[in-house]
2 protein chains.
Amino acid sequence: MKKTIFIFSALTIALLVLFQLSKYTYMSGDISIEIIIAVIAIIFFFIGAYLRTKTAKKEMIAESGINHKKIEELGISKREYEVLVQIGKGLSNQEIAESLFLSESTVKTHVSNLLIKLDAKRRTQALQKAKELQILSQ
Amino acid sequence: MKKTIFIFSALTIALLVLFQLSKYTYMSGDISIEIIIAVIAIIFFFIGAYLRTKTAKKEMIAESGINHKKIEELGISKREYEVLVQIGKGLSNQEIAESLFLSESTVKTHVSNLLIKLDAKRRTQALQKAKELQILSQ
DNA sequence: CCGGGACTCATACTAAAGTACCAAAAGCAT
DNA sequence: ATGCTTTTGGTACTTTAGTATGAGTCCCGG
């Protein structure tokens with residue numbers, strides 16, 4: 001919201017500056033009014049497109065954003081979450097162990113805890129629930 | 001591409017029309033040049049924003065679509081694909097068998113074939129690859 | 001009619017995955 | 001310092017998952 005106000009203020013100021021500029025150049029008679037208007041139109045066209053891109057990106061991030069609150073709520077620890085991410089990549093326990101420099105036993109412990117915390121019976125179900133809860137990037 | 005050309009043509013025409021309009025109104029002396037410029041700026045601001053929104057939406061749709069061609073290319077049959085969808089829901093072979101009215105043996109056969117066709121070693125890896133290939137809805 | 005692909009199912013096996021329980025070291029806050 | 005949680009690891013066990021192989025049924029195109 002603060003940013004929106006800031007952007008609109010900046011836009012208004014920019015508009016006023018352009019008015020003064022156009023007035024001056026028009027008075028001097030060097031540049032035709034058509035070109036000034038064209039430049040202004042193009043500038044504002046791209047400003048509009050740029051702002052939409054920014055807000056669209058924000059929406060995308062908000063949609064695909066990871067819900068850190070829910071991770072905490074479920075009591076999932078850092079290490080457990082790292083294991084969850086590797087599961088999402090389709091790795092086996094042994095492969096996860098190698099990628100995180102752990103023994104397979106430790107990975108199994110983490111996986112078991114994850115299954116309890118996500119209320120799942122299998123790792124595939126854990127993945128499905130994690131995506132449902134927006135804990136994992138799709 | 002055709003649409004892009006069309007949009008730019010329309011934009012150019014609109015610009016020219018506005019020029020003529022502004023010239024006329026300026027000559028008549030009724031409306032100040034500032035207001036004309038402001039209106040043009042606002043109009044083009046929203047045109048830019050609108051076009052960005054449209055292209056962003058198109059990108060989203062293109063991303064979330066299921067690639068039926070790739071399913072065919074990989075030689076995945078109807079029944080195999082149904083099993084794949086159930087795997088994505090986090091079901092076990094036994095549960096898939098019940099939901100599709102099959103024996104567990106049949107499900108295992110389908111899963112094995114899927115793993116070969118998707119070049120995966122585990123069902124979780126198959127899911128990851130399926131999503132990568134945009135075969136499964138995220 | 002017949003070969004081939006898709007679908008179904010079974011058995012027997014190996015390899016992962018997951019459970020249960022225990023335990024020690026490390027990090028952290030009161 | 002002393003609990004507390006996290007992280008790590010182990011053993012022993014059960015359950016699923018996945019492989020290999022064979023085989024019967026159904027449907028479709030040549």
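Bear in mind that the values here come from a model prediction, so they are computed numbers and not experimental data. Residue numbers begin at 1 in each chain, while the letters A, B, ... track the order of the sequences.
Identified under the side chain to side chain donor-acceptor pair (under 3.5 Å) test for residues 69-78 of chain B, with sequence neighbours left out: B:S77-B:E80. Under the salt bridge (Lys or Arg N to Asp or Glu O under 4.0 Å) criterion, the residue pairs touching residues 123-137 of chain B are B:D119-B:K129, with sequence neighbours excluded.
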query = Just by protein heavy atoms under 4.0 Å, how would nucleotides 2-24 of chain D read 5' to 3' in B, S and -?
reply = -----SBBBB-----BBB-----

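Taking every nucleotide of DNA chain C with any atom under 4.0 Å from a non-hydrogen atom of chain A, the first and last of them, 5' to 3', are C:dA17 to C:dT19.
Note on the helix from C:dC1-D:dG30 to C:dT30-D:dA1: angle between the axes of the first and last five pairs equals 50°, rounded to 10 degrees.
Taking A:S105 as the reference, A:S103 meet the side chain to side chain contact (heavy atoms under 4.5 Å, CB included) condition, with sequence neighbours excluded. The side chain to side chain contact (heavy atoms under 4.5 Å, CB included) check on B:K121 picks up B:Q125, with sequence neighbours excluded. In this view, A:E82 and A:R79 satisfy the salt bridge (Lys or Arg N to Asp or Glu O under 4.0 Å) rule, not counting sequence neighbours. Listed by chain and number, the residues in a salt bridge (Lys or Arg N to Asp or Glu O under 4.0 Å) with A:E98 amount to none (sequence neighbours excluded). Contacts of A:K108 classified as side-chain hydrogen bond (donor to acceptor under 3.5 Å, both in side chains), with partners at least two apart in sequence or in another chain: none.
Between the CD atom in B:Q128 and the CG atom in B:L133 there is a gap of 9.0 Å [rounded to 0.5 Å].
When all heavy atoms are compared, the tightest approach of B:A120 to B:A126 is CB-N, 3.6 Å. Between B:A130 and B:L84, the shortest heavy-atom distance links the atoms CB-CD2, 4.2 Å.
In this structure, the side chain of A:Y81 does not engage the main chain of A:L136 through any donor-acceptor pair within 3.5 Å.
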Enumerate donor-acceptor pairs with a distance under 3.5 Å from any side-chain N or O in residues 85-92 of chain A to protein atoms, sequence neighbours excluded.
residue: A:Q86; atom: OE1; partner: A:S99; partner atom: OG; Å: 3.4
residue: A:S92; atom: OG; partner: A:E95; partner atom: N; Å: 3.2

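Near-neighbour residues of DNA chain D inside residues 125-132 of chain B, defined by a heavy atom below 4.0 Å, are absent.
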